[in-house]
Chemist: 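Right, I'll just put the structure down here and ask away after.
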Amino acid sequence: MVIDFEPWHQLLGGYVTPKGQVDYQRWKGDVDASAQLQDWLVSLQATELSAMPQNTQLALLINLYNALTINQVLGKFPIDSVRPSIMGVPNLASFKLFFSKPVYQLGVQKLSLDGIEHDLLRRQFSEPRIHFALVCASISCPQLRNEAYRPETISQQLDDAAQQFMNDPEKNRYDGANNILYCSKIFQWYENDFLSESRSIVEYFQKYSQQQISADAAIEYLPYDWRLNKL
């Protein structure tokens, strides 16, 4: 089965800015665009992952995660965050459900966002760069690309995503004067994934950072901003 990523690519180009902000209001109000997203998701449901090359599987699952995230947000919009609160108190049950509830059937598998990320991508691929491509619709997430990931270019796209994320001072920054690397909590949550390729988080950073970071830099994790990545 040949996967057609073009419908998703066109939607990203039309509703996502170069800085990764999503125009959810305009997207939801466009009946044709909403139908195009639904049609594209339906067209993938008969896909047999195991019959595909690894790069195709990787591109499909990353795009699918991001598309299903946006689809859920569109279904609830207007919202301010995927982590809602009630009278100022985070509604953790609703937050967890957003990621753990099955929202899609791929072949015989019923998938949640967590299922795509943890059971398929993290379990089947030794690829820490996925954490710079999966976007859970929040400001502190990596930037959502306004193009589809494609099998033939995915390695370069993942490199670009890693470089963009690690050199974004709002997400990660190095204080050379005090020798402190301020990191996104993504590096805390998925530390073992990064350490599978590098001896330390700092060493992993050095692969993509435009700054020279001291090997003995202390690490502090920045607060995570769960507000919606909306335009």
Side-chain angles (χ1 to χ4, degrees), residues 1-47 49 52 55-84 94-95 97-107 109-117 120-121 130 132-154 157-158 160-161 164-165 225-231:
M1 178 179 178
V2 176
I3 303 296
D4 182 9
F5 293 103
E6 191 60 23
W8 175 234
H9 178 78
Q10 293 295 326
L11 288 168
L12 290 171
Y15 295 95
V16 181
T17 73
K19 293 186 177 181
Q21 298 166 303
V22 184
D23 193 344
Y24 293 105
Q25 184 171 351
R26 187 166 62 89
W27 194 335
K28 182 165 185 173
D30 188 329
V31 176
D32 290 339
S34 298
Q36 187 177 356
L37 176 57
Q38 296 300 323
D39 290 346
W40 185 69
L41 290 171
V42 169
S43 75
L44 302 175
Q45 288 187 304
T47 301
L49 278 177
M52 296 179 174
N55 278 0
T56 304
Q57 292 185 44
L58 188 57
L60 173 60
L61 291 171
I62 291 172
N63 287 318
L64 189 57
Y65 181 99
N66 291 338
L68 290 171
T69 298
I70 286 178
N71 194 48
Q72 284 204 84
V73 171
L74 290 174
K76 300 174 182 293
F77 196 80
I79 58 173
D80 294 320
S81 173
V82 299
R83 189 183 191 188
S94 178
F95 176 58
L97 198 61
F98 184 90
F99 295 98
S100 63
K101 179 183 67 176
V103 291
Y104 191 70
Q105 181 140 353
L106 185 66
Q109 301 179 80
K110 290 184 178 180
L111 296 176
S112 63
L113 295 178
D114 279 347
I116 294 172
E117 181 176 9
L120 296 178
L121 283 167
I130 65 168
F132 313 123
L134 302 177
V135 183
C136 59
S138 303
I139 287 176
S140 284
C141 288
Q143 180 176 304
L144 180 65
R145 295 175 73 91
N146 62 352
E147 64 178 15
Y149 284 90
R150 297 184 184 270
E152 61 274 17
T153 56
I154 191 163
Q157 288 177 303
L158 290 174
D160 291 346
Q164 194 283 326
F165 184 69
D225 189 342
W226 289 103
R227 288 178 298 162
L228 204 66
N229 61 343
K230 63 183 177 179
L231 185 62

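Residues: numbered from 1 along the sequence shown.
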Chemist: Applying side chain to side chain contact (heavy atoms under 4.5 Å, CB included), run through Trp8 and Leu41 and close with a yes or a no.
Modeler: CA-CA 9 Å; Trp8 175 234; Leu41 290 171; over 6 Å; no
Chemist: With heavy-atom distances below 4.5 Å as the criterion, would you say the side chains of Leu74 and Leu37 are in contact?
Modeler: yes
Chemist: Out of curiosity, Gln72 CD to Phe99 CZ, how far, rounded to the nearest 0.5 Å?
Modeler: 8.5 Å
Chemist: Would you indicate whether the side-chain heavy atoms of Arg150 and Glu6 approach each other to under 4.5 Å?
Modeler: yes
Chemist: Please round to the nearest 0.5 Å and tell me the distance separating atom CD of Gln21 and atom CG of Asn146.
Modeler: 11.5 Å
Chemist: Using the rule given for side chain to side chain contact (heavy atoms under 4.5 Å, CB included), can you reason through Leu113 versus Thr69, listing the C-alpha separation, both sets of side-chain angles and the distance that settles it, and then say yes or no?
Modeler: CA-CA 7 Å; Leu113 295 178; Thr69 298; 3.5 Å; yes
Chemist: Using 0.5 Å steps for rounding, measure from the OG1 atom of Thr153 to the CD atom of Glu147.
Modeler: 7.0 Å
Chemist: Are any of the side-chain heavy atoms of Pro84 and Ile79 separated by less than 4.5 Å?
Modeler: no
Chemist: Provide the closest heavy-atom pair for Ala137 versus Val73 in the form atom of the first, atom of the second, distance.
Modeler: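 Looks like CB-CG2, 3.9 Å.
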Chemist: Would you compute the distance between atom SG of Cys141 and atom CZ of Phe165 and round it to the nearest 0.5 angstrom?
Modeler: 8.0 Å
Chemist: Once rounded to the nearest 0.5 Å, what's the spacing between atom CD of Glu152 and atom CZ of Phe5?
Modeler: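 Going from CD on Glu152 over to CZ on Phe5, the span is 8.5 Å.
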Chemist: Classify the side-chain pair Gln10/Gln36 by whether it contains a donor and acceptor separated by less than 3.5 Å.
Modeler: no
Chemist: Donor-acceptor check, side chain of Trp40 to backbone of Asp4, threshold 3.5 angstrom: yes or no?
Modeler: yes
Chemist: Over all heavy atoms of both residues, which pair between Val82 and Ser138 is shortest? Give the atoms and the distance, please.
Modeler: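 Taking every non-hydrogen atom into account, CG2-OG, 3.6 Å.
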Chemist: Inspect the surroundings of CD in Gln25 and state if more than 12 heavy atoms from other residues, nucleotides or ligands are less than 6.0 Å away.
Modeler: no
Chemist: Decide yes or no for Leu120 and Leu49: does some side-chain heavy atom of the first lie under 4.5 Å from some side-chain heavy atom of the second?
Modeler: yes
Chemist: Between Asp30 and Tyr15, is there a side-chain donor-acceptor contact under 3.5 Å, judged purely by atom types and distance?
Modeler: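 Checked: Tyr15/Asp30 side chains pair up, N/O donor to acceptor below 3.5 Å.
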Chemist: Is a side-chain N or O of Thr17 found less than 3.5 angstrom from the main chain of Lys19, in a donor-acceptor match?
Modeler: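 A pair under 3.5 Å: yes.
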Chemist: Provide the closest heavy-atom pair for Gly75 versus Lys28 in the form atom of the first, atom of the second, distance.
Modeler: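 In this case the closest contact between Gly75 and Lys28 is O-NZ, 4.1 Å.
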Chemist: Compare all side-chain heavy atoms of Leu12 with those of Leu144 and state whether any distance is below 4.5 angstrom.
Modeler: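 Answer yes - side chains close enough.
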Chemist: Identify the two heavy atoms, one from Tyr65 and one from Cys136, that lie closest to each other, and give their separation to 0.1 Å.
Modeler: OH-CB, 4.0 Å
Chemist: What is the distance from atom CD of Gln57 to atom CG of Leu64, rounded to the nearest 0.5 Å?
Modeler: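 With rounding to 0.5 Å, CD (Gln57) is 12.5 Å from CG (Leu64).
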Chemist: So Leu134 and Ile62, side chain to side chain contact (heavy atoms under 4.5 Å, CB included) or not? Walk me through it.
Modeler: CA-CA 6 Å; Leu134 302 177; Ile62 291 172; 4.2 Å; yes
Chemist: Do the side-chain N and O atoms of Asn229 and Gln143 include a donor-acceptor pair separated by under 3.5 angstrom?
Modeler: no
Chemist: Verify the ring-centre separation between Phe77 and Trp27: is it less than 6.0 angstrom?
Modeler: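 No.
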Chemist: State whether the number of non-hydrogen atoms from other residues, nucleotides or ligands found under 6.0 Å of Arg26 atom CZ is greater than 12.
Modeler: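 Yes.
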Chemist: Please evaluate residues Gln164 and Arg145 with respect to the criterion side chain to side chain contact (heavy atoms under 4.5 Å, CB included), reporting the C-alpha separation (whole Å), side-chain torsions for both, the decisive distance (0.1 Å), and the verdict.
Modeler: CA-CA 10 Å; Gln164 194 283 326; Arg145 295 175 73 91; over 6 Å; no
Chemist: Can you name the nearest heavy-atom pair linking Leu228 to Ile139, along with the distance?
Modeler: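 So the minimum-distance heavy-atom pair works out to O-CG1, 3.7 Å.
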Chemist: Any side-chain heavy atom of Val22 sitting closer than 4.5 Å to one from Val16?
Modeler: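 Yes. Closest side-chain heavy atoms under 4.5 Å.
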Chemist: Would you indicate whether the side-chain heavy atoms of Leu58 and Leu121 approach each other to under 4.5 Å?
Modeler: yes
Chemist: Decide yes or no for Leu158 and Tyr149: does some side-chain heavy atom of the first lie under 4.5 Å from some side-chain heavy atom of the second?
Modeler: yes
